[in-house]
Amino acid sequence: MSGKIVVVVGGGAAGLMAALAASEHGAQVILLEKNPRVGKKLLATGNGRCNYTNEDLKLAHFHGSDPNFIRTILSRFSGAQTLQYFYQLGVEPVTEEAGKVFPASGQASSILDVLRHQAEYQGVALVSNTTAKRVDKNGSSFTVYTSVGSFIAEAVILATGGKAGPQFGCSGDGYALAARWGHKLIEPFPALVQLRLKAPFLKAAAGVKVQGRAEVYHEADRPSQAEGELLFTNYGISGPPILAVSRAASEALSRGHQPALKLNLLPRQQPDEVASYLQDRFRRLSHKTAELSLVGFINKRLIIILLKEAGIELKLPAGKISLAQIKRLAALLTSWVFTVVGTNGWTAAQVTAGGLDHRQICPRTLQSKLVPGLYFAGELIDVDGDCGGYNLQWAWSSGYTAGVFAAL
Ligand SMILES: Cc1cc2nc3c(=O)[nH]c(=O)nc-3n(C[C@H](O)[C@H](O)[C@H](O)COP(=O)(O)OP(=O)(O)OC[C@H]3O[C@@H](n4cnc5c(N)ncnc54)[C@H](O)[C@@H]3O)c2cc1C
């Protein structure tokens, strides 16, 4: 038992795990949280069900930092250890599509509750309504100055999250706390977020849900792509595939570019197959107008929009639609290109891409290379994951690592 005093700043997923790991390794732990209660964001995760890890933790699902840095931390507290850890606290895992793991209770509050109960059981002091303002060091002793007074510690773990979700208490405080010590920032940008598009018909399409593939083209990179349900909105587009490709779009926007989003509403067919299907269909339904001839094939609210985009008169008899018009419509259905003009920003983003530069952080212990005794965990570091439990896994793995080494 070290009996060392460790102050954890931030009571989110990473901070709670760091506090528990440090306490388990003998430290006396004080956790400071600016909100009235810890874990506010955790309650919102997974649509209130908390997708707390994934069965497939391939490195390709993580982004930002050096893959070796991420691999080292994930191996310190793996997916299997995460499942075991929560199982011991009483959480029965249920695996859903794409390896996503949720608590059997179907409640995100279960994850928060077991962590809080365990913190209480291990004697971790949870101090809420307390905002850390500055961290100073004198010899080997730290002073954490807060909105309500100061706390002395032998090690400090910063786990204040990034900028995603200011409504949950995250507005990038940790960047300023660390910058004071010379820690550099990889410019953060919102990820897992809805996209704003430039198109004249967004209001008319708002609310339409269609299955399809989304692709974002960004510079010379391979496109980022995902399939699933797309949801048109009055500002642009949402839905799981959009969140999945939003990182590439948001990164391009953060560099001053306007990336292109390509939607394929018929991803199983080639454009020429779609064209010959349409040709056949218009022949078969030649007595109907162009508009009515597409009812039953395309979402009703998209018909007018697509016909206008393809330059086809709505009232034109289907039998009179030219081959060039058919080809234009087939091209739109398989490759509808939009300009992305923005994202829905930090309030809507599920995660922060970018963050504290991992090159100034020891990959083995998550201790600052600039300030011995100062550690980092969670979204604050320049690591982010795909949708599917990867971000919380990063929070658990990095929180555990920082907690163990801070306690030594
Ligand atoms: C709506 C939503 C749904 C999500 N769903 C999932 C999901 O199902 N699965 C998944 O893997 N990921 C999900 N995520 C992402 C995941 O929640 C985060 O990546 C993860 O919570 C980050 O953990 P963290 O501890 O690093 O930061 P946070 O959880 O952001 O916690 C940081 C904490 O620090 C506190 N804090 C900040 N500054 C200070 C300060 N100066 N002093 C004291 N306290 C401070 C904040 O109030 C906050 O409580 C979701 C995110 C959102 C917004």
Side-chain angles (χ1 to χ4, degrees), residues 7-19 30-54 57 61-62 64 79 82 96 98-103 108 111-112 115 126-135 144-148 151 156-178 190-194 240 243 344 346-353 355-356 366 376-400 402-403:
V7 166
V8 178
V9 181
L16 284 164
M17 181 56 86
I30 303 165
L31 183 149
L32 309 178
E33 166 56 50
K34 70 152 72 150
N35 285 325
R37 296 188 69 183
V38 295
K40 189 172 177 193
K41 190 187 277 179
L42 265 176
L43 294 176
T45 57
N47 279 328
R49 294 197 303 133
C50 189
N51 173 198
Y52 67 102
T53 184
N54 195 293
L57 291 179
H61 293 292
F62 295 87
T82 301
E96 296 189 4
K100 294 176 185 170
V101 184
F102 296 85
I111 296 289
L112 177 56
L115 291 171
L126 300 181
V127 185
S128 51
N129 288 314
T130 302
T131 304
K133 302 278 189 191
R134 205 175 80 225
V135 179
V144 181
Y145 293 94
T146 77
S147 50
V148 296
F151 294 79
V156 171
I157 303 172
L158 294 183
T160 49
K163 292 180 95 173
Q167 67 277 32
F168 303 111
C170 308
S171 41
D173 292 10
Y175 304 147
L177 293 171
L192 300 182
V193 64
Q194 304 85 348
L243 298 194
N344 265 2
W346 291 115
T347 311
Q350 287 192 13
V351 76
T352 310
L356 292 187
L366 295 183
F376 304 101
E379 207 175 297
L380 175 64
I381 306 171
D382 64 338
V383 175
D384 59 290
D386 289 343
C387 192
Y390 300 101
N391 287 301
L392 282 174
Q393 183 60 55
W394 172 251
W396 311 134
S397 297
S398 59
Y400 185 84

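First listed ligand is number 1; within each ligand, the first listed atom is number 1.
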Looking only at distances, please establish whether an N/O atom of ligand 1 is found under 3.5 Å from an N/O atom of Ala13. yes
For Lys41, state whether at least one heavy atom is located under 4.0 Å from any atom of ligand 1. yes
Kindly say whether Gly12 contributes a backbone atom to a donor-acceptor pair with the side chain of Lys41 at under 3.5 angstrom? no
Is a side-chain N or O of Asn51 found less than 3.5 angstrom from the main chain of Phe102, in a donor-acceptor match? no
How close does the nearest protein non-hydrogen atom get to atom 16 (C) of ligand 1, and which residue and atom is it? Leu392 CD2, 4.0 Å
For Gly378, atoms of ligand 1 separated by under 4.0 Å from a heavy atom: 26 (O)
Distance under 4.0 Å to a non-hydrogen atom of Asn35: what atoms of ligand 1 satisfy this? 47 (O)
Per-atom contacts, ligand 1 versus Gly389 - under 4.0 Å to a heavy atom: 9 (N), 10 (C), 11 (O)
Determine yes or no for a side-chain-to-main-chain donor-acceptor pair under 3.5 angstrom, with Asn391 supplying the side chain and Asp384 the backbone. no
Of the backbone atoms (N, CA, C, O) and the side-chain heavy atoms from C-beta on, which set of Ala159 has a member under 4.0 Å from an atom of ligand 1: side chain, backbone, both, or neither? backbone
Under 3.5 Å, side chain of Ser128 to main-chain N/O of Pro36, donor-acceptor pair present? yes
Which of these, Glu379, Lys100, Arg37, has its nearest heavy atom closest to atom 18 (C) of ligand 1? Glu379
re atom 47 (O) of ligand 1, the protein heavy-atom contact at minimum distance is Glu33 OE2, 2.6 Å
Return the residue, atom name and 0.1 Å-rounded distance of the protein heavy atom closest to atom 45 (C) of ligand 1. Lys34 CG, 3.8 Å
Whether Trp396 side chain and Tyr52 backbone form a donor-acceptor pair below 3.5 Å: yes
Output the list of atoms in ligand 1 that are nearer than 4.0 Å to some heavy atom of Leu32, sorted by atom number. 43 (C), 44 (N)
Provide, to 0.1 Å, the distance between atom 42 (N) of ligand 1 and the closest protein heavy atom, together with that atom's residue and name. Ala132 N, 2.9 Å
The one among Pro36, Ala14, Gly10 that brings a heavy atom closest to atom 25 (O) of ligand 1: Ala14
Between Glu379 (side chain only) and Ala395 (backbone N and O only), is there a donor and an acceptor less than 3.5 Å apart? no
Atoms in ligand 1 flagged as close to Asp173, the criterion being non-hydrogen separation under 4.0 Å: 38 (N), 39 (C), 40 (C), 41 (N)
For the backbone of Gly388 and the side chain of Asn54, can you confirm whether one donor and one acceptor N or O come within less than 3.5 Å of each other? yes
Ligand 1 versus Tyr390, non-hydrogen atoms closer than 4.0 Å: side chain, backbone, both, neither? backbone
Backbone N/O of Gly378 and side chain of Trp394: donor-acceptor pair under 3.5 Å: yes
Among protein heavy atoms, which sits nearest to atom 27 (O) of ligand 1, and what does the distance come to when rounded to 0.1 Å? Gly161 CA, 3.4 Å
Looking at every non-hydrogen atom in both residues, tell me the closest pair between Gly79 and Thr53 and how far apart they are. CA-OG1, 4.4 Å
Protein contact to atom 6 (C) of ligand 1 [nearest heavy atom, distance to 0.1 Å]: Thr45 CB, 3.6 Å
Answer yes or no for Gly165: is there a heavy-atom contact with ligand 1 below 4.0 Å? no
So is Ala44 close enough to ligand 1, meaning a heavy atom under 4.0 angstrom away? yes
Can you name the nearest heavy-atom pair linking Val38 to Gly11, along with the distance? CB-O, 3.5 Å
Honestly, for Asn391 the part within reach of ligand 1 (heavy atoms, under 4.0 Å) is both
Check: Asp173 side chain, Tyr175 main-chain N or O, donor-acceptor pair, under 3.5 Å: no
Please identify which atoms of ligand 1 are closer than 4.0 Å to at least one heavy atom of Thr130. 42 (N), 43 (C)
Nearest heavy-atom neighbours spanning Leu43 and Ala108: O-CB, 3.6 Å
Which of parallel (below 30°), tilted (30 to 60°) and perpendicular (above 60°) describes His61 and Tyr390? parallel
Within a distance under 4.0 Å of any heavy atom of Val9, pick out the atoms of ligand 1 and give their elements. 42 (N), 43 (C)
Closest to atom 46 (C) of ligand 1 by heavy-atom distance, out of Gly169, Gly46, Ala18, Ser398, is Gly169
Donor-acceptor under 3.5 Å (Thr352 side chain, Ala164 main chain): yes
Which residue holds the protein heavy atom closest to atom 9 (N) of ligand 1, what is that atom called, and what is the gap in Å? Asn51 O, 2.9 Å
Heavy-atom contacts with Gly12 under 4.0 Å: which atoms of ligand 1 show up? List them by number with element. 25 (O), 29 (O), 31 (O), 33 (C), 49 (O)
What protein heavy atom lies closest to atom 15 (C) of ligand 1? Include the residue and the distance to one decimal. Gln350 O, 3.4 Å
Please determine whether the number of non-hydrogen atoms from other residues, nucleotides or ligands lying under 6.0 Å from atom CZ of Arg134 exceeds 12. yes
